[in-house]
Amino acid sequence: EDDALPKDEL
Amino acid sequence: MNIFRLSGDVCHLIAIIILFLKIWRSKSCAGISGKSQVLFALVFTTRYLDLFTSYISAYNTVMKVVYLLLAYSTVGLIFFRFRNSYDSESDSFRVEFLLVPVAGLSFLENYAFTPLEILWTFSIYLESVAILPQLFMITKTGEAESITAHYLLFLGLYRALYLANWLWRFHTEGFYDQIAVVSGVVQTIFYCDFFYLYFTRVLRGSGKMSLP
């Protein structure tokens, strides 16, 4: 789960 | 945030507003694929579930809410308020041919096997193909009103600007979101043919864009 990127894009 | 990303978001917003106002003012959704609009509403819904789990910025939250509200309002105009003008005969793309592979792929190829992450992946894959019913409809009827063409132009610009954003972010911060980038490239390719038609026919020609 650590590889999940933060979803700052829309 | 960089200029490509910001312009991309603004073009996306303009596209959605153009479509909403076109339907609202003309009181008609003729030539618009209701299926594509439902798919976009589904894209926003499954992608923005993180509104409830994580806060990123005021900009991020506001844009997500606005996209969601406009997407559902447009669907509402097409299927409820102006449903008499909805051309379901021409909007005959089989969306299950998109939904099933996209759902399958999001289970197989994702960053983490968790419900939110799978739904986010689903939304990314689905967005890349969600415009196909609209493009299919234009091909079938053989023409698009220029305002519909402007809508598609801004949607395509949004995609192209996001590609520039990813190139920029890769060079400046080493950021690389494989799922989003690969899907984004696929999505942008779908607009290339349309871009060509737009510049050769809509800008030079009459009010309408006809397909060969």
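Letters go in sequence order (proteins before strands), and every chain restarts at 1.
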- In terms of heavy-atom pairs under 4.5 Å with chain A, which of B:Y67, B:Y59, B:Y48 leads? B:Y48
- Mind ranking B:F113, B:Y162, B:F44 by heavy-atom pairs under 4.5 Å with chain A and telling me who comes out on top? B:Y162
- Task: Please say whether more than 12 non-hydrogen atoms of neighbouring residues, nucleotides or ligands are located less than 6.0 Å from CZ in B:F199.
- Result: yes
- Message: Other residues, nucleotides and ligands only: do more than 12 of their heavy atoms fall within 6.0 Å of OH on B:Y55?
- Response: yes
- Item | Engaged part of B:N165 at the chain A interface, taking heavy atoms whose separation is under 4.5 Å | side chain
- What distance separates A:K7 NZ from B:D177 CG, expressed to the nearest 0.5 Å? 7.0 Å
- Item | B:N60 and A:E9: side chain donor to acceptor below 3.5 Å | no
- Item | Residue among B:R47, B:H12, B:R5 satisfying side-chain contact (heavy atoms from CB on, under 4.5 Å) with A:L10 | B:R5
